[in-house]
Amino acid sequence: MTKVGFIGLGIMGGPMAANLVKAGFEVTGYNRSRAGVDRLVAAGGRGANSVGQAVRDADAVITMLPDSPDVRAVVLGEDGVLAHAREGALLIDCSTIRPDVSREVGQAAAAKGIQALDAPVSGGEQGAIEGNLSIMVGGAAEAFETAREMFDVVGATIVHVGGPGAGQTVKAANQLIVAGTIELVAESLVFLEAHGVDTGAAIEVLAGGLAGNRILDRKAPAMVRREFTPGFRVELHHKDLGIVLQAAREAGVVIPLGAAVAQLMAALEAQGHGALDHGALLKLVEQLSGRGQE
Ligand code: NAD
């Protein structure tokens with residue numbers, strides 16, 4: 001597989017597509033706004049003016065779009081991927097969407113002779129730039145093997161977790177853990193500041209003990225500086241916690257802490273902070289503690 005059509009060149013898709021170019025793939029990209037396409041062209045890729053133009057000659061089509069309705073529109077739509085991709089092509093959806101929508105997309109693709117994988121990722125913008133994302137893949141084992149050479153370029157931990165939709169279910173669990181951890185890190189930072197402790201020193205020692213985690217390593221310093229440039233937007237995490245709550249309900253499982261964090265993320269979104277990084281959960285902890293700056 002050498003020719004890749006890439007749809008969705010945003011915070012994540014942009015650097016992923018650029019890394020594929022660097023690794024020698026012939027990448028043709030399309031994005032709704034032109035800036036993403038221009039960045040890909042500057043990185044050595046080709047620009048397309050439509051989904052059809054991006055995918056017509058592709059061996060593999062990768063989508064990295066915000067939400068379930070976007071993937072439905074881009075893949076299943078009248079002028080979408082399935083209308084233009086050639087039979088035998090491979091569709092890899094890296095967006096985080098509802099598991100049932102992934103299965104629907106997989107079935108529609110199969111009907112056109114196109115194999116599909118759901119392959120959501122974790123690792124954030126930094127992981128996308130460095131090419132060391134974690135990729136949780138659902139779909140047929142054979143399609144996974146075919147996609148492996150592309151996954152190896154954009155990811156470091158790549159695991160086939162099951163059949164269609166399974167990648168999305170694992171990603172939902174990922175988002176539950178990340179949101180809960182950010183909330184606890186935010187609470188810890190506000191708590192430490194209230195006691196006048198040097199948060200830099202605290203982060204350093206906490207990171208080496210049992211409390212150590214990637215949020216502490218990667219996000220806490222920016223949270224201390226009140227820098228909430230995304231990264232991962234609150235509105236996207238709000239979407240993901242909706243997926244988690246629905247999937248938990250379907251399975252008859254209760255996630256009390258997850259439900260509480262989902263409400264906090266919803267509050268942040270309702271307050272107009274949807275475009276901030278999810279580390280902005282710290283703002284809410286401050287507000288609830290009467291220590292907010294606004
Ligand atoms: P983003 O908004 O930066 O990028 C999405 C891109 O898709 C945008 O450039 C937008 O113009 C484009 N787009 C939207 N609709 C389109 C359409 N119909 N046709 C063509 N292009 C279209 O979002 P992102 O942060 O890159 O996230 C993408 C997906 O990856 C989401 O599902 C998100 O939940 C997931 N994700 C994000 C991160 C992160 O840290 N940002 C980490 C892991 C997973």
Side-chain angles (χ1 to χ4, degrees), residues 5-19 28-40 47-55 61-84 92-99 101-102 105 118-137 154-157 167-168 170-179 182 214-215 218-219 222 228-244 265 269 274-280:
F6 206 116
I7 321 286
L9 301 164
I11 289 178
M12 297 297 285
M16 289 169 72
N19 282 332
T28 306
Y30 173 68
N31 194 64
R32 193 168 45 190
S33 51
R34 188 68 204 180
V37 178
D38 292 341
R39 275 193 297 270
L40 177 66
N49 293 317
S50 67
V51 171
Q53 210 184 346
V55 310
V61 176
I62 302 178
T63 44
M64 192 44 157
L65 298 159
D67 200 354
S68 304
D70 306 305
V71 173
R72 263 214 189 101
V74 166
V75 177
L76 308 177
E78 208 179 309
D79 223 9
V81 173
L82 296 186
H84 293 283
I92 304 167
D93 179 31
C94 292
S95 328
T96 303
I97 63 168
R98 284 170 25 205
V101 174
S102 274
V105 164
D118 49 297
V121 307
S122 177
E125 184 182 18
Q126 198 180 332
I129 293 167
E130 291 169 3
N132 58 14
L133 294 165
S134 277
I135 313 178
M136 29 227 121
V137 189
V154 295
T157 306
Q168 296 297 351
V170 175
K171 175 67 185 181
N174 183 85
Q175 293 307 80
L176 176 60
I177 293 169
V178 170
I182 291 178
R214 297 271 169 86
I215 304 296
R218 289 190 175 189
K219 288 208 167 280
F228 302 123
T229 308
F232 190 68
R233 294 193 302 277
V234 165
E235 62 185 350
L236 289 176
H237 215 145
H238 176 54
K239 163 208 54 148
D240 292 348
L241 290 170
I243 295 172
V244 174
M265 201 69 79
E269 167 86 10
L276 295 185
D277 186 76
H278 50 177

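Start at 1 and go down the list; that is how both ligands and their atoms are numbered.
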What heavy-atom pair brings Ala48 and Thr28 nearest, and what distance separates the two atoms? CB-CG2, 3.9 Å

Judged by modelled atom types alone, do Asp240 and Thr96 share a side-chain donor-acceptor pair under 3.5 Å? no

Could you tell me how the ring of His278 sits relative to the ring of His237: parallel (under 30°), tilted (30 to 60°) or perpendicular (over 60°)? tilted

Looking at atom 30 (O) of ligand 1, what's its closest protein heavy atom, distance included? Met64 CE, 3.2 Å

Within the structure, is a non-hydrogen atom of Ala73 found at a distance of less than 4.0 Å from ligand 1? no

Find out whether Phe6 and Met16 are in side-chain contact, i.e. whether some heavy atom of one side chain is under 4.5 Å from a heavy atom of the other. yes

Check: Val121 N/O within less than 3.5 Å of ligand 1 N/O: no

Just need the protein heavy atom nearest to atom 21 (N) of ligand 1, so name the residue and atom and give the distance. Arg32 N, 3.0 Å

Please state which protein non-hydrogen atom is closest to atom 4 (O) of ligand 1 and give its distance, to 0.1 Å? Gly10 CA, 3.3 Å

Lys171 contact mode with ligand 1 (heavy-atom cut-off under 4.0 Å): side chain

Would Gly231 count as a contact of ligand 1 if the rule is a heavy atom under 4.0 Å away? yes

Within the 4.0 Å heavy-atom shell around Thr96, which atoms of ligand 1 are there? 32 (O), 34 (O), 35 (C), 44 (C)

the protein heavy atom lying closest to atom 38 (C) of ligand 1 turns out to be Phe232 CD1, 3.3 Å

Looking only at heavy atoms, what is the nearest atom pair of Asn19 and Glu130, with distance? ND2-C, 4.4 Å

Nearest atoms (heavy-atom pairs only) where Val121 meets Met136: C-CE, 3.9 Å

Asp67, any N or O under 3.5 Å of ligand 1 N or O: no

So do the side chains of Ile97 and Ser102 get within less than 4.5 Å of each other, counting heavy atoms only? yes

Looking only at heavy atoms, what is the nearest atom pair of Pro15 and Gly10, with distance? CD-O, 3.7 Å

Can we say Lys219 and Asp277 salt-bridge, meaning some charged N sits less than 4.0 Å from an Asp/Glu carboxylate O? yes

Side chain, backbone, both or neither: Leu236 near ligand 1, heavy atoms under 4.0 Å: side chain

Considering all heavy atoms, the nearest Gly155-Ile135 contact: CA-CD1, 3.9 Å

Mind listing the closest non-hydrogen atom pair of Ser68 and Val101 along with its distance? CB-CG2, 4.0 Å

Using a 4.0 Å cut-off to any heavy atom of Tyr30, which atoms of ligand 1 qualify? 19 (N), 20 (C)

among protein heavy atoms, the one nearest atom 26 (O) of ligand 1 is Met12 N, 2.9 Å

Are any of the N/O atoms on Ser122, whether in the backbone or the side chain, positioned under 3.5 angstrom from an N/O atom of ligand 1? no

Are any of the N/O atoms in Val74 less than 3.5 Å from those in ligand 1? no

Considering non-hydrogen atoms of the protein only, which is the closest contact for atom 16 (C) of ligand 1, and what is the distance? Leu65 CD2, 3.6 Å

Compute the minimum heavy-atom distance from His237 to ligand 1 and say whether it is under 4.0 Å. no

Per-atom contacts, ligand 1 versus Arg233 - under 4.0 Å to a heavy atom: 1 (P), 2 (O), 3 (O)

Test side chain to side chain donor-acceptor pair (under 3.5 Å) on Asn31 and Ser33; report intermediate values, then the result. CA-CA 5 Å; Asn31 194 64; Ser33 51; 3.2 Å; yes

For atom 3 (O) of ligand 1, find the nearest protein heavy atom and state the residue, atom name and distance (0.1 Å precision). Ile11 N, 2.9 Å

Numbering as shown, the atoms of ligand 1 that approach Gly124 to under 4.0 Å (heavy-atom distance): 40 (O)

Evaluate side chain to side chain contact (heavy atoms under 4.5 Å, CB included) for Asp93 paired with Val75, printing each intermediate quantity in order. CA-CA 9 Å; Asp93 179 31; Val75 177; over 6 Å; no

Quick one: does Lys239 get an N or O within less than 3.5 Å of an N or O on ligand 1? yes

Test your reading of the structure: does Asp70 have an N or O sitting under 3.5 Å from an N or O of ligand 1? no

Could you tell me, atom by atom, which parts of ligand 1 come under 4.0 Å of a heavy atom of Gly8? 7 (O)

Worked verdict on Val55 versus Ile7 for side chain to side chain contact (heavy atoms under 4.5 Å, CB included): CA-CA 9 Å; Val55 310; Ile7 321 286; 3.9 Å; yes

What protein heavy atom is closest to atom 10 (C) of ligand 1, reported as residue, atom name and distance in Å? Asn31 OD1, 3.6 Å

For ligand 1, which atoms have a heavy atom of Pro66 less than 4.0 angstrom away? 5 (C), 7 (O), 14 (C), 31 (C), 32 (O)

